[in-house]
Amino acid sequence: MAFRVRTDLAVPMDDGVVLRADLWEPESAPPGPVILWRTPYLREEALPCGFLDPRTALARGYRIVVQDVRGMGGSDGTFEAFTHEGADGARTIDWIAEQPWCDGNVVMAGYSYVGIVQWLAAARRPAALRAIAPAISSDRPDAGWTYTDGVVEHALVASWLAAALLPDQERWLDGVERAFDRLDALVERLPWAKPWLTSPPGSAFWRERSAAGADVGVPVLSIGGWYDVFLRATLAAHRAGPSDRLIVGPWEHEIRALHLLGDLNVGFAGNAAAYGLTARMCDFYDAAIAGAEPDLPPVSVYVLGAGEWRAYPSWPPPGAAVERAALRGGGRFRVDPTDPTPAVGGRALRLWCADWGYGPRDQRAQMARTDVLALDVDLAGPALLAGPVRARLGVADSAGDWVATLCVARADGLVVNVAEGIARREGGAREVVVELGDVCWELGRDERLVLLVAGAAVPRYAPGPQVGEQVVEGGVVELTRAPDGAGRQRDEA
């Protein structure tokens, strides 16, 4: 369809600062609803992407406003992550609703930081807001974003500051990896980021920048990815109210939302475009604007291993139960500070690095290292694993970092990571519990599970205190297993 883009619209904030935006609109169309996308990453480069196809949205009668947040791109003011997004977002929604090309209905879309700004604006309850659809994101910037189980996501924070949040001419785009060893220098250059490393999750600093637990007053379509760094936070933020919906694809923290992940092709059905994600988002928005229940399943998930979408009334699926699977054997390892165990793939992120750090990757080289234990998990396929995973490690002493990675050993010899977690512990205990987050994987008859245990995952996490030899004496993996077919229907694209 024919459309046009009007650029450089001035949107005044309550304090006089002017933010700049572009308007995508169908030609010769009456006033209609508007999708708002607020970004710190240059509005000119925001669309199209896997989490919003403009042509689909425009054809459905929506206009799109893409705005540079305060202090970024063409907008005035000073950027400070998370701080102004609630007030600025709510004021922008009010402004849009007043424009002659808007029919008074505003919804929001966007991924990552463009996702959390939706939560922060919605928490202000602007009158014209009808729905939000945050993708691969969170409603809080501390737990599940800056921290994983109390440990700083070092590579994420360092690369994000260096590649995206420094002033334009100072960004380290020719060598982002050096940020991993210079995080302290980066936060000196961006003093508003200093408290990120010193304020524990849930502290007053983070609560002021969070929408966790807020009654946003509108339906929420939460969109996640099984290999996204913010997956835990996405699931934790999902409200599960009668008009809320959850979609979890196979995706990494990558804007195209493809089906080609790491070392795997997980099936073309997992491609966001093939799934029709934008059309489903518009279905959700249409229902919210009409005050109706969305004609979407409460939960839609892509089942890795099976290569198909399935619909459930809840997550985890009905009938899912925790099954304890024993670890076979144990062993000992020692972290070498001159050659610490590398992080290979997973639910991670290193912005603008040669290795972005995410996705399912072959773990056989990891298994061959002397500082990694590879322990078979006593669970035979076929099995549908659908829900949280936890490793309980029996140890000689709990001191140190304990990185656990659940893997599937496939019939073709490939060993791929499914989920991972870290526990940083002091000594004195004989058990270490590592939370690995949720999984959705159909384990085949000829596949088996392997748990990798190490004392580091560099550069994802900065190395913890050196504790010498670490000993695993056994343990169990607590897996959420769903009965095949229970409460399930195919969710066709």
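These values consider heavy atoms only, across backbone and side chains, with no hydrogens, waters or symmetry-generated copies.
The ring of Trp119 has its center no closer than 6.0 angstrom to the ring center of Phe82. Ring centroid separation for the pair Trp37 and Trp24 does not come in under the 6.0 Å cut-off. The aromatic ring centroids of Phe268 and His259 lie less than 6.0 Å from each other. Under the 6.0 Å cut-off for aromatic ring centres, Tyr302 and Trp251 do not qualify, their centroids lying 6.0 Å or more apart.
Ionic pairing of Asp142 and Arg207 is not present here: no N-O contact between side-chain nitrogen and carboxylate oxygen is shorter than 4.0 angstrom. A salt bridge does not link Arg4 with Asp22: none of the charged nitrogens is closer than 4.0 Å to a carboxylate oxygen. At a threshold of 4.0 Å, the pair Lys194-Glu188 counts as salt-bridged, since one of the basic side-chain nitrogens sits closer than that to a carboxylate oxygen. A salt bridge links Arg171 with Asp168: the closest approach of a Lys/Arg side-chain nitrogen to an acidic carboxylate oxygen falls below 4.0 angstrom. Salt-bridge check for Arg20 with Asp68: failed, with every basic side-chain N at 4.0 Å or more from each acidic carboxylate O. The pair Asp184-Arg189 does not meet the salt-bridge criterion, since no charged nitrogen lies less than 4.0 angstrom from a carboxylate oxygen. Under 4.0 Å is where a charged nitrogen must lie from a carboxylate oxygen, and between Asp149 and Arg232 at least one such pair does. Of the charged side-chain nitrogens involved, none lies within less than 4.0 Å of a carboxylate oxygen, so that Asp244 and Arg239 do not count as a salt-bridged pair. Note on Arg460 versus Glu153: salt bridge recorded, some NZ/NE/NH1/NH2 to OD/OE distance being below 4.0 Å.
Remark: side-chain polar atoms of Thr146 are paired, donor with acceptor, to backbone N or O of Pro141 under 3.5 angstrom. Formation of a donor-acceptor pair under 3.5 Å by the Ser203 side chain with backbone atoms of Pro200 is found in this model. Listed for the Gln67 side chain is no donor-acceptor partner under 3.5 Å among the backbone atoms of Arg43. Of the possible donor and acceptor atoms, none in the side chain of Gln466 sits under 3.5 Å from a partner among the backbone N and O of Gly400. Arg63 places no side-chain N or O within 3.5 Å of a backbone atom of Pro33 that could act as its donor or acceptor partner. With hydrogens and angles ignored, the 3.5 Å screen pairs a side-chain donor or acceptor of Gln363 with a backbone N or O of Arg361. Of the possible donor and acceptor atoms, none in the side chain of His253 sits under 3.5 Å from a partner among the backbone N and O of Phe230. When atom types are taken as modelled, the side chain of Glu85 and the backbone of Ala81 share no donor-acceptor pair closer than 3.5 angstrom. With hydrogens and angles ignored, the 3.5 Å screen pairs no side-chain donor or acceptor of Ser210 with any backbone N or O of Trp206. Between the side chain of Asp53 and the backbone N or O of Ala279, no donor-acceptor pair lies under 3.5 Å.
Rounding to the nearest 0.5 Å gives a distance of 8.0 Å between OG of Ser75 and CE of Met13. The line from CG of Asn105 to CD1 of Ile35 is 12.0 Å long, rounded to the nearest 0.5 Å. Atom CD of Glu252 and atom CH2 of Trp356 lie 11.0 Å apart (nearest 0.5 Å). For the atom pair CG of Leu296 and CG of Asp283, the computed distance is 5.5 Å after rounding to the nearest 0.5 Å. Here the CG atom belonging to Leu23 is positioned 9.0 Å from the CD atom belonging to Gln99, to the nearest 0.5 angstrom. Put simply, OG on Ser300 and CZ on Arg280 are 6.5 Å apart, with the number rounded to the nearest 0.5 Å.
Within the 4.5 Å cutoff, the side chain of Leu36 has heavy atoms near those of the Thr92 side chain. Taking the side chain as every heavy atom from C-beta outward, Val157 and Leu183 approach each other to under 4.5 Å. With contacts defined as side-chain heavy-atom distances shorter than 4.5 Å, the pair Asp215/Arg125 qualifies. Counting heavy atoms from C-beta on, the side chains of Asp401 and Pro463 never come closer than 4.5 Å. With a 4.5 Å cut-off on side-chain heavy atoms, Leu58 and Thr56 do not count as touching. Side-chain atoms of Leu351 and Leu156, non-hydrogen and from C-beta on, do get closer than 4.5 Å to each other. For the pair Cys440 and Asp438, the minimum side-chain heavy-atom distance is 4.5 Å or more. Within the 4.5 Å cutoff, side-chain heavy atoms of Arg178 are placed close to those of Trp172.
Residue Trp352 places its CH2 atom among 12 or fewer non-hydrogen atoms of other residues, nucleotides or ligands, all under 6.0 Å distant. Few gaps surround CD on Glu44; more than 12 heavy atoms of other groups in view lie less than 6.0 Å from it. Under a cut-off of 6.0 angstrom, the local environment of CZ in Arg6 is crowded, with over 12 non-hydrogen atoms contributed by other residues, nucleotides or ligands. The number of heavy-atom neighbours closer than 6.0 Å to CG of Asp8, taken from other residues, nucleotides and ligands shown, is above 12.
Inspection of the Asp286 and Tyr62 side chains reveals an N or O donor paired with an N or O acceptor under 3.5 Å. Donor-acceptor pairing under 3.5 Å is lacking for the side chains of Glu254 and Tyr227.
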### Val106 and Trp95: CA distance, side-chain angles, deciding distance, side-chain contact (heavy atoms from CB on, under 4.5 Å) verdict
CA-CA 10 Å; Val106 181; Trp95 178 87; over 6 Å; no
### Message
Test side-chain contact (heavy atoms from CB on, under 4.5 Å) on Leu231 and Trp226; report intermediate values, then the result.
### Response
CA-CA 7 Å; Leu231 173 65; Trp226 293 124; 3.6 Å; yes
### Task
Applying side-chain contact (heavy atoms from CB on, under 4.5 Å), run through Val34 and Ile64 and close with a yes or a no.
CA-CA 5 Å; Val34 176; Ile64 304 170; over 6 Å; no
### Query
Given the rule in the side-chain contact (heavy atoms from CB on, under 4.5 Å) test, do Arg140 and Arg209 qualify, once you have shown the distances and angles that lead to the verdict?
CA-CA 7 Å; Arg140 58 187 298 177; Arg209 293 156 176 81; over 6 Å; no
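Scanning both residues, Pro388 and Pro316, for their nearest heavy atoms gives CD-CG, 4.0 Å. Nearest heavy-atom pair, Asp94 versus Pro126, reported as atom, atom and distance to 0.1 Å: OD1-CB, 4.0 Å. Smallest separation of non-hydrogen atoms from Pro54 and Leu47: CG-CB, 3.8 Å. A pairwise comparison of heavy atoms in Ala163 and Val176 identifies CB-CG2, 3.9 Å as the closest pair.
Taking the ring centre of Phe3 as origin, the terminal cationic atom of Arg55 falls outside the region bounded by 6.0 Å and 45° from the ring axis.
Here Thr278 pairs with nothing under the side-chain hydrogen bond (donor to acceptor under 3.5 Å, both in side chains) rule; sequence neighbours left out.
Exactly one residue among Thr234, Leu277, Leu246, Ile136 makes a side chain to side chain contact (heavy atoms under 4.5 Å, CB included) with Ile223. That residue is Leu277.
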